[in-house]
2 protein chains.
Amino acid sequence: MKQQKRTSFHAVRDEVKRRIESRIWPQGTLLPTESDLAEEFGCARATVNRALRELAEQGFVERKRKSGTRVKTAPVRQARFEISLARRVVEEQNGDYRYALVERAEIAAPAWLSSQLGLPPGTRVLHLLCMHYADNRPFQLEERWVSLAAVPAMEQADLSRIGPTEWLMTAIPFTDAEIAFGAIGADSRLAEFLSTSVGMPVMQMERTTWLKGQPVTFARLTHHPGFRVRTAY
Amino acid sequence: MKQQKRTSFHAVRDEVKRRIESRIWPQGTLLPTESDLAEEFGCARATVNRALRELAEQGFVERKRKSGTRVKTAPVRQARFEISLARRVVEEQNGDYRYALVERAEIAAPAWLSSQLGLPPGTRVLHLLCMHYADNRPFQLEERWVSLAAVPAMEQADLSRIGPTEWLMTAIPFTDAEIAFGAIGADSRLAEFLSTSVGMPVMQMERTTWLKGQPVTFARLTHHPGFRVRTAY
DNA sequence: CAGTGGTCTAGACCACCTC
DNA sequence: AGGTGGTCTAGACCACTGA
């Protein structure tokens with residue numbers, strides 16, 4: 001017999017969730033007020049508040065002052081996936097990870113990049129091309145542009161052994177990112193790097209990263225054919 | 001001058017976050033205890049707790065009893081994207097949404113589906129094929145298998161006007177799902193439905209859905225060429 | 001303007017963990 | 001065994017917003 005001595009907010013949260021999922025409180029229902037629920041569960045209002053706040057975060061209910069708490073009619077569910085680090089993905093699949101720096105150059109930001117990152121035209125950026133391998137087979141081609149104004153230290157970085165993604169994650173963690181991905185057909189360069197043939201469908205991910213609102217880097221990560229992104233929520 | 005009368009947990013959270021991002025508290029640093037921070041900020045410990053709990057949820061710090069709160073060394077950032085409903089995606093882009101049911105059949109679950117969903121072999125499932133259009137151009141081909149044991153009401157559902165995804169979302173919201181997506185080359189059937197040519201790279205998304213642990217449905221959503229998934233943040 | 005959620009407090013006890 | 005975060009309480013005031 002596992003019995004909570006005191007009413008935990010877990011108990012309240014789970015019971016309310018159960019009532020929503022069991023349609024005891026169907027979609028659109030107005031829930032009792034926090035005070036009422038506190039009385040029903042025999043706990044403090046703060047405890048109910050904590051429970052309902054979590055359910056709101058998870059998208060089960062919607063809360064508004066004065067109106068009260070309502071079961072969401074069209075729950076907007078979100079899926080999450082980890083922002084992947086090639087090495088970690090490979091190692092999680094028990095693969096042998098290898099990295100290689102293919103190209104490194106300091107250039108003036110091309111126009112498309114300036115507009116993508118919101119950089120003044122002509123800003124000096126570091127252009128990088130690297131390969132990530134799993135069991136000696138191409139896993140991901142990483143092409144990246146880094147604003148040297150945002151990360152001056154990167155000019156001196158030794159990227160022969162550690163990939164730029166990993167370097168940046170230790171140098172400037174806690175960045176904001178925007179990610180988009182889609183399917184493209186491999187062009188001749190991609191086909192060569194990824195050991196596949198021209199036109200093969202591959203997943204390409206584009207990441208734009210900011211640090212405290214300042215644009216840092218834009219990366220285009222192209223994966224070997226057959227690569228899949230998985231999520232859970 | 002905007003000044004908080006009382007110390008809000010926002011203020012504490014933002015200040016701690018600032019210290020982490022500014023490397024005042026570098027990665028790995030052990031933060032002061034809740035009580036100490038409460039004293040520093042002149043607030044109750046509960047307020048500090050709320051602030052730190054949020055930072056922990058967001059992946060900035062790691063909390064352990066007795067050990068204390070530590071700045072995360074390798075922050076695992078997660079990206080999120082909305083679980084899309086074709087109609088909503090199209091309408092958000094100011095497109096004209098149209099839906100068509102192509103095929104509907106009740107069949108015995110094929111072996112691959114039984115194993116995918118964990119259903120007893122031979123379970124009766126509803127097999128659906130539908131098209132979603134944006135501005136009369138193919139947007140998404142939806143192929144779906146629904147366990148009638150899990151959603152008996154679906155046998156009577158009128159799916160001629162509302163797509164199965166949308167029907168299911170109102171019939172049984174609050175499900176759990178697993179999503180995987182990748183790039184594939186269109187086969188002849190896909191090419192025809194999506195008005196493209198064989199071999200064109202397209203994004204295919206596979207969703208498996210459970211309701212309270214019970215398998216409900218498996219869907220394969222294939223998008224028109226050029227479709228991209230974007231993260232919310 | 002009145003009702004509801006949002007937040008804060010001061011104190012308390014507890015559970016877990018490292019020492 | 002003792003320190004740290006986890007949680008709860010009872011009461012209070014605040015801020016938003018719908019009637």
Side-chain angles (χ1 to χ4, degrees), chain A residues 1-20 25 27-73 75-76, chain B residues 1-20 25 27-73 75-76:
Chain A
M1 289 275 88
K2 193 174 155 189
Q3 174 112 17
Q4 300 283 354
K5 279 170 201 163
R6 318 169 70 154
T7 315
S8 87
F9 80 93
H10 290 105
V12 178
R13 182 195 56 190
D14 294 347
E15 173 58 16
V16 171
K17 188 172 163 184
R18 191 189 67 77
R19 292 185 190 173
I20 292 173
W25 287 334
Q27 293 170 75
T29 307
L30 190 63
L31 267 60
T33 66
E34 292 191 347
S35 313
D36 291 349
L37 285 171
E39 195 177 354
E40 181 197 333
F41 289 109
C43 66
R45 183 164 80 91
T47 306
V48 173
N49 181 280
R50 170 86 191 266
L52 294 185
R53 183 154 29 89
E54 266 196 23
L55 289 175
E57 270 170 22
Q58 294 168 25
F60 286 92
V61 298
E62 207 163 17
R63 320 194 70 195
K64 264 187 204 163
R65 284 159 154 137
K66 167 77 179 183
S67 323
T69 303
R70 204 173 277 281
V71 181
K72 267 210 180 174
T73 44
V76 177
Chain B
M1 290 277 92
K2 192 174 158 190
Q3 173 112 17
Q4 301 282 355
K5 280 171 201 162
R6 320 170 69 156
T7 315
S8 87
F9 80 93
H10 289 105
V12 178
R13 182 196 57 190
D14 294 348
E15 173 58 17
V16 171
K17 188 172 163 184
R18 191 189 67 78
R19 291 186 191 172
I20 292 173
W25 287 335
Q27 293 168 75
T29 307
L30 190 62
L31 268 58
T33 66
E34 292 190 347
S35 312
D36 290 349
L37 285 172
E39 195 177 353
E40 181 197 334
F41 289 109
C43 66
R45 183 164 80 91
T47 306
V48 173
N49 181 281
R50 169 86 192 265
L52 294 184
R53 184 154 29 90
E54 265 196 23
L55 289 175
E57 270 170 22
Q58 293 169 25
F60 286 92
V61 298
E62 206 162 16
R63 319 195 71 196
K64 266 188 203 163
R65 284 158 153 139
K66 169 74 181 180
S67 319
T69 302
R70 204 173 277 281
V71 180
K72 267 211 182 173
T73 44
V76 177

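Chain identifiers are assigned alphabetically (A, B, ...) following the order of the sequence lines, protein sequences preceding nucleic acid strands; residue numbering begins at 1 within each chain.
- Sequence order on DNA chain D of the closest nucleotides to A/R65 and B/K66 puts B/K66 first from the 5' end.
- Between A/G68 and A/R53, the residue whose closest nucleotide on DNA chain C is further toward the 5' end is A/G68.
- One atom, CZ of A/F9, and another, P of D/dT9, lie 12 Å apart when rounded to the nearest Å.
- Within the 4.0 angstrom heavy-atom criterion, only backbone atoms of the sugar-phosphate kind lie near A/T69; the bases stay farther away.
- When the side-chain nitrogen and oxygen atoms of A/N49 are compared with OP1 and OP2 of C/dG5, none of them lie within a distance under 4.0 Å.
- One finds a salt bridge joining B/E40 and B/R19 here, because a Lys/Arg side-chain nitrogen approaches an Asp/Glu carboxylate oxygen to under 4.0 Å.
- Atom P of nucleotide C/dC16 and atom CD of B/E34 are separated by 17 Å, given to the nearest angstrom.
- Side-chain N/O atoms of A/S35 and A/R45 include no donor and acceptor closer than 3.5 Å.
- The shortest distance between the side-chain N/O atoms of B/T47 and the OP1/OP2 oxygens of C/dT9 is below 4.0 Å.
- Between the CD atom of B/E54 and the C1' atom of C/dC8 there is a distance of 15 Å, given to the nearest Å.
- Distance CD (A/E39) to P (D/dA10): 12 Å, rounded to an integer number of Å.
- Atom-to-atom, NE2 of A/H10 to C1' of D/dT7 comes out at 9 Å; the value is rounded to the nearest Å.
- Listed pair B/R50 / C/dT7 meets the phosphate criterion, a side-chain N or O lying under 4.0 Å from OP1 or OP2.
- A salt bridge between A/R70 and A/E62 is absent, with no side-chain N of the basic residue lying under 4.0 Å from a carboxylate O of the acidic one.
- Across C/dG6, D/dG18, C/dC8, the shortest atom-to-atom separation from the side chain of A/S67 is found for D/dG18.
- The nearest whole Å value for the distance from the CG atom in A/L37 to the P atom in D/dC8 is 15 Å.
- Computed from coordinates, the B/L30 CG to C/dC19 P distance equals 11 Å when rounded to whole Å.
- Ion pair A/E54/A/K17 not flagged as a salt bridge, since none of the NZ, NE, NH1 or NH2 atoms sits closer than 4.0 Å to an Asp/Glu carboxylate oxygen.
- A salt bridge does not link B/R53 with B/E34: every distance from a Lys NZ or Arg NE/NH1/NH2 to an Asp or Glu carboxylate oxygen is 4.0 Å or more.
- The phosphate of C/dG6 (OP1 or OP2) has a side-chain N or O of A/R63 nearer than 4.0 angstrom.
- A close approach under 4.0 Å does not occur between any side-chain nitrogen or oxygen of A/R45 and OP1 or OP2 of D/dA10.
- When rounded to the nearest whole Å, the span between CD of B/E62 and P of C/dC17 equals 13 Å.
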